[in-house]
There are 4 protein chains.
Amino acid sequence: MARPRSDDKRSAIIAAAIRVIASEGLGAATATIAKEAGVSNGSLFTYFETKADLMNQLYLDLKAEMAATALEGLPTKSSIRKQMQYAWSHWLRWATSSPEKRRTLAQLAVSDDITPASHQAASNAFAGIRELLERSRENGPMRAAPLAFVASLMNALAEAATDFMIRDPANAEEHSKAAFNALWRMIA
Amino acid sequence: MARPRSDDKRSAIIAAAIRVIASEGLGAATATIAKEAGVSNGSLFTYFETKADLMNQLYLDLKAEMAATALEGLPTKSSIRKQMQYAWSHWLRWATSSPEKRRTLAQLAVSDDITPASHQAASNAFAGIRELLERSRENGPMRAAPLAFVASLMNALAEAATDFMIRDPANAEEHSKAAFNALWRMIA
Amino acid sequence: MARPRSDDKRSAIIAAAIRVIASEGLGAATATIAKEAGVSNGSLFTYFETKADLMNQLYLDLKAEMAATALEGLPTKSSIRKQMQYAWSHWLRWATSSPEKRRTLAQLAVSDDITPASHQAASNAFAGIRELLERSRENGPMRAAPLAFVASLMNALAEAATDFMIRDPANAEEHSKAAFNALWRMIA
Amino acid sequence: MARPRSDDKRSAIIAAAIRVIASEGLGAATATIAKEAGVSNGSLFTYFETKADLMNQLYLDLKAEMAATALEGLPTKSSIRKQMQYAWSHWLRWATSSPEKRRTLAQLAVSDDITPASHQAASNAFAGIRELLERSRENGPMRAAPLAFVASLMNALAEAATDFMIRDPANAEEHSKAAFNALWRMIA
DNA sequence: GATGAATGAGTATTCATTCAT
DNA sequence: AATGAATGAATACTCATTCAT
């Protein structure tokens with residue numbers, strides 16, 4: 001319970017959890033995750049106090065990675081539409097090309113183990129994207145709606161589009177664009 | 001000649017499952033559900049072969065009720081936009097006013113216990129709504145996209161809107177309309 | 001619980017029990033036996049008060065059939081050796097040619113459900129054979145041993161021989177004779 | 001580095017199983033065995049993967065102990081008859097003086113849980129005794145019979161004799177000798 | 001008498017977490 | 001800090017028996 005020493009081990013556990021939860025669901029045993037990480041089951045609990053704690057940290061890690069990927073290399077000089085489109089396509093590309101992370105994230109998102117605080121923190125990680133969204137819709141038909149509402153719709157669109165891109169990878173790029181255009185029609 | 005199997009008991013178990021799962025999640029014990037239904041734990045298994053069977057039937061019941069509510073009293077003589085709006089508002093009203101059913105349905109929708117066959121059957125229950133959607137988008141910008149993709153977007157929008165209506169009930173009607181308008185902008 | 005009406009049903013249950021226990025062991029559910037007999041599970045209990053009661057009656061029926069088969073047509077005018085050999089071969093033939101009955105009987109014989117009274121009654125059914133045995137050994141080396149001891153040895157020999165005949169049916173007759181000769185060497 | 005698995009605990013569970021099964025039969029609950037062994041019910045499963053696994057190991061342990069006892073201190077310089085008699089009397093003495101072990105072994109021997117592999121392994125433990133038997137019968141009337149058949153008869157005799165010795169302990173030694181003489185008449 | 005639904009005690013096994021080594 | 005054995009609560013499902021129809 002003292003400060004754990006090895007960041008490698010923490011990472012190994014997180015990575016193992018992604019793989020195991022993707023294939024076995026949230027019911028996966030901590031012992032299974034530990035073994036997959038090459039760590040003893042006891043050690044898992046020196047890096048994460050409880051299973052729920054592991055879940056919450058995993059959730060945050062994944063959300064943060066997702067947001068960072070979306071904004072990495074953002075062409076801040078371009079038009080807001082271009083920037084939004086850039087973020088959108090990177091976001092969906094990440095989700096599409098990391099199927100285990102996405103599956104695991106999807107399960108965590110609906111889990112009762114994730115605390116409101118974690119949901120809040122995850123939302124903060126999306127601040128950059130929310131800002132983009134704010135500027136995108138500021139002259140559009142949803143300019144008066146609560147931003148959280150619009151964000152929720154955007155998120156839902158991204159989820160649905162990703163599902164479809166995974167199910168029909170041949171036309172993934174096309175689906176991504178179609179969904180972005182739909183988004184733009186909605187808000188701008 | 002023996003005591004006949006009672007529809008009341010089946011309903012009681014289904015209703016109890018809705019309540020219990022809404023508050024305890026899918027991990028709820030069958031014994032808890034049975035007790036809540038006023039039935040012995042053994043009896044639960046004469047009405048549902050396994051816990052998974054109960055989950056699947058519950059899922060179908062809820063999906064069917066949702067679709068039926070959306071289409072009940074549909075003004076088939078009105079314009080397609082009016083019809084869609086009618087279905088949309090009934091759909092969201094049902095979801096909003098049955099929070100336990102909605103919570104439970106949300107959990108079931110992502111559960112591994114729900115078989116592909118059940119998902120298929122649930123989809124069939126939505127045939128009427130899908131038809132409305134087809135006619136709604138037939139001249140719009142998404143006329144060439146796979147219907148399933150559009151349906152998925154519509155569903156995601158409905159989910160997001162419902163979440164928001166529940167969190168902010170004072171403006172529920174407004175949110176419903178805003179979401180509908182967003183939908184219409186997207187597809188028509 | 002009143003006197004049951006139909007002997008047919010009793011027989012059907014007994015016969016079903018033989019088949020089911022032979023294949024599923026003593027743990028077989030009464031419901032399974034009832035279904036195999038074409039009777040409702042409730043009815044089974046009007047013919048046999050408890051499962052243990054069914055087991056005991058089944059045990060007795062099988063033991064009695066076994067003894068009767070061994071002695072049927074006994075050549076009472078022949079030498080005692082001839083008579084014993086006749087009973088022996090009929091006994092083993094029955095065991096060999098009724099594998100389900102034998103399997104079931106073997107399981108019942110070691111079951112805790114069979115009461116001492118039933119074991120006693122089964123022993124009585126073997127009175128005829130025991131008498132043969134008494135006359136067989138009356139001048140032999142075991143003439144002073146308790147008859148029950150000799151009977152026990154004879155029974156053990158018959159069991160072992162039967163096992164072997166079933167495992168090696170091509171030489172069944174030979175094994176039967178070899179075992180009989182061994183028996184005769186032992187007692188006469 | 002962690003607490004090592006304790007042989008004492010394994011032994012305690014095995015010993016507890018012997019006692020519990022002797023008195024309650026094979027249906028005995030694993031929890032009962034664990035409690036009798038002074039171990040948590042969970043721990044039982046760190047020493048034995050399943051209940052069936054426990055049964056199989058128990059069966060082997062008992063069979064091995066039985067065979068070892070029979071052959072311990074065998075006077076290999078004596079005549080074959082003397083050697084056989086020595087093994088026979090030690091065998092029956094063990095069976096007689098360990099009634100719980102014997103009861104339990106008898107139940108296990110007919111259990112469906114015991115795998116063919118275990119029966120095979122148990123048979124291997126009896127190799128020494130089988131060898132004695134081979135030399136005992138090599139010039140006798142059963143010299144041409146399959147050894148396995150003769151072994152089966154010998155085993156059946158031993159079982160029957162043991163039963164009788166337990167039921168009539170006052171004359172145990174006498175019964176043992178009578179049975180041995182009967183065996184010798186049979187095979188030598 | 002016949003039926004089969006109702007009952008609820010009973011059981012192997014799993015798993016998060018703790019703790020001796 | 002690391003290990004993995006120890007713990008014991010928790011859970012789906014079965015089954016002999018009873019009883020309403």
Side-chain angles (χ1 to χ4, degrees), chain A residues 1-6 9 27-35 38-55 113, chain B residues 1-6 9-10 27-35 38-54 113, chain C residues 1-6 9 27-35 38-55 113, chain D residues 1-6 9-10 27-35 38-54 113:
Chain A
M1 311 257 173
R3 178 69 47 77
R5 200 170 53 191
S6 151
K9 260 173 203 172
T30 51
T32 307
I33 294 171
K35 176 180 279 187
V39 174
S40 74
N41 54 9
S43 275
L44 188 149
F45 289 91
T46 102
Y47 289 87
F48 303 92
E49 289 197 26
T50 62
K51 187 185 187 183
D53 182 33
L54 167 58
M55 298 305 184
D113 282 345
Chain B
M1 270 181 226
R3 208 175 325 186
R5 223 178 264 200
S6 137
K9 233 159 240 180
R10 200 199 100 103
T30 52
T32 308
I33 295 172
K35 176 180 283 187
V39 178
S40 77
N41 44 15
S43 274
L44 188 149
F45 291 93
T46 101
Y47 289 87
F48 303 93
E49 290 198 22
T50 60
K51 188 186 187 184
D53 182 32
L54 167 58
D113 280 347
Chain C
M1 310 256 172
R3 179 67 49 76
R5 199 170 54 190
S6 152
K9 262 174 202 172
T30 52
T32 307
I33 295 170
K35 176 180 279 187
V39 175
S40 74
N41 54 8
S43 275
L44 188 149
F45 289 91
T46 100
Y47 289 88
F48 303 92
E49 289 197 29
T50 64
K51 187 185 186 182
D53 182 32
L54 167 58
M55 298 305 185
D113 282 344
Chain D
M1 275 183 217
R3 206 176 325 187
R5 221 178 266 199
S6 136
K9 234 159 239 181
R10 201 200 99 102
T30 52
T32 308
I33 295 170
K35 175 179 282 187
V39 177
S40 77
N41 45 13
S43 274
L44 188 149
F45 290 93
T46 101
Y47 289 86
F48 303 93
E49 289 198 21
T50 61
K51 187 186 186 184
D53 182 32
L54 167 58
D113 281 347

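All figures in this text were calculated on a predicted structure; none of them were measured in a lab.
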- prompt: How many angstroms lie between OH in C/Tyr47 and CG in C/Leu54, if you round to the nearest 0.5 Å?
  reply: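 The OH atom of C/Tyr47 sits 13.5 Å away from the CG atom of C/Leu54.
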- request: To the nearest 0.5 Å, tell me how far A/Thr50 OG1 sits from A/Asp113 CG.
  value: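 A/Thr50 OG1 to A/Asp113 CG: 8.0 Å, rounded to 0.5 Å.
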Roughly, in whole Å, what's the span from [atom1] in [X] to [atom2] in [N]?
{"X": "B/Ile33", "N": "E/dG8", "atom1": "CD1", "atom2": "P", "result": "18 Å"}
{"X": "B/Glu49", "N": "F/dC13", "atom1": "CD", "atom2": "C1'", "result": "12 Å"}
{"X": "D/Leu54", "N": "E/dA12", "atom1": "CG", "atom2": "P", "result": "11 Å"}
{"X": "B/Leu44", "N": "F/dC13", "atom1": "CG", "atom2": "P", "result": "10 Å"}
{"X": "C/Asn41", "N": "F/dA16", "atom1": "CG", "atom2": "C1'", "result": "10 Å"}
{"X": "C/Met55", "N": "F/dT17", "atom1": "CE", "atom2": "C1'", "result": "14 Å"}
{"X": "D/Lys35", "N": "E/dT11", "atom1": "NZ", "atom2": "P", "result": "12 Å"}
{"X": "A/Phe45", "N": "E/dT17", "atom1": "CZ", "atom2": "P", "result": "5 Å"}

query: Has the side chain of D/Arg5 got a donor or acceptor atom that lies under 3.5 Å from a matching backbone atom of D/Thr46?
result: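 Looks like yes, one N/O pair under 3.5 Å.
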message: Contact between D/Leu44 and D/Ile33 at the side-chain level, heavy atoms closer than 4.5 Å - yes or no?
response: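 D/Leu44 vs D/Ile33: side chains touch.
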Comparing B/Ala52 and C/Ala52 on DNA chain F - which has the more 5′ nearest nucleotide: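 The residue closer to the strand's 5' end, by nearest nucleotide, is B/Ala52.
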- prompt: Mapping B/Thr30 and A/Val39 onto DNA chain F by nearest heavy atom, which one lands closer to the 5' end?
  reply: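 Closest to the 5' end, via its nearest nucleotide, is A/Val39.
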task: Go ahead and name the base partner of E/dA20; Watson-Crick or wobble counts if both distances stay under 3.5 Å, otherwise write none.
output: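 The answer is F/dT3, by the H-bond criterion.
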message: Quick check on DNA chain E: between A/Lys51 and B/Ser6, whose nearest nucleotide comes earlier from the 5' end?
response: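 Nearest nucleotide further toward 5': that of B/Ser6.
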Look at all strands and tell whether [X] reaches a base, only sugar-phosphate, or nothing, counting heavy atoms closer than 4.0 Å.
{"X": "D/Thr50", "value": "sugar-phosphate"}
{"X": "C/Lys9", "value": "sugar-phosphate"}
{"X": "C/Ala28", "value": "sugar-phosphate"}
{"X": "B/Tyr47", "value": "sugar-phosphate"}

task: Kindly say if B/Arg3 contacts the phosphate of E/dA6, meaning a side-chain N or O under 4.0 Å from OP1 or OP2.
output: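 For E/dA6, neither OP1 nor OP2 has a side-chain N or O of B/Arg3 closer than 4.0 Å.
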query: Closest heavy-atom contact between A/Phe45 and A/Lys51?
result: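 Between these two residues, the closest heavy atoms are CE2-N, 4.2 Å.
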To the side chain of [X], which of [options] is closest?
{"X": "B/Ser43", "options": "E/dC15, E/dT7, E/dT14", "answer": "E/dT7"}
{"X": "B/Ser40", "options": "E/dG8, F/dT17, E/dT3", "answer": "E/dG8"}
{"X": "D/Thr46", "options": "F/dT7, E/dC19, E/dG4", "answer": "F/dT7"}

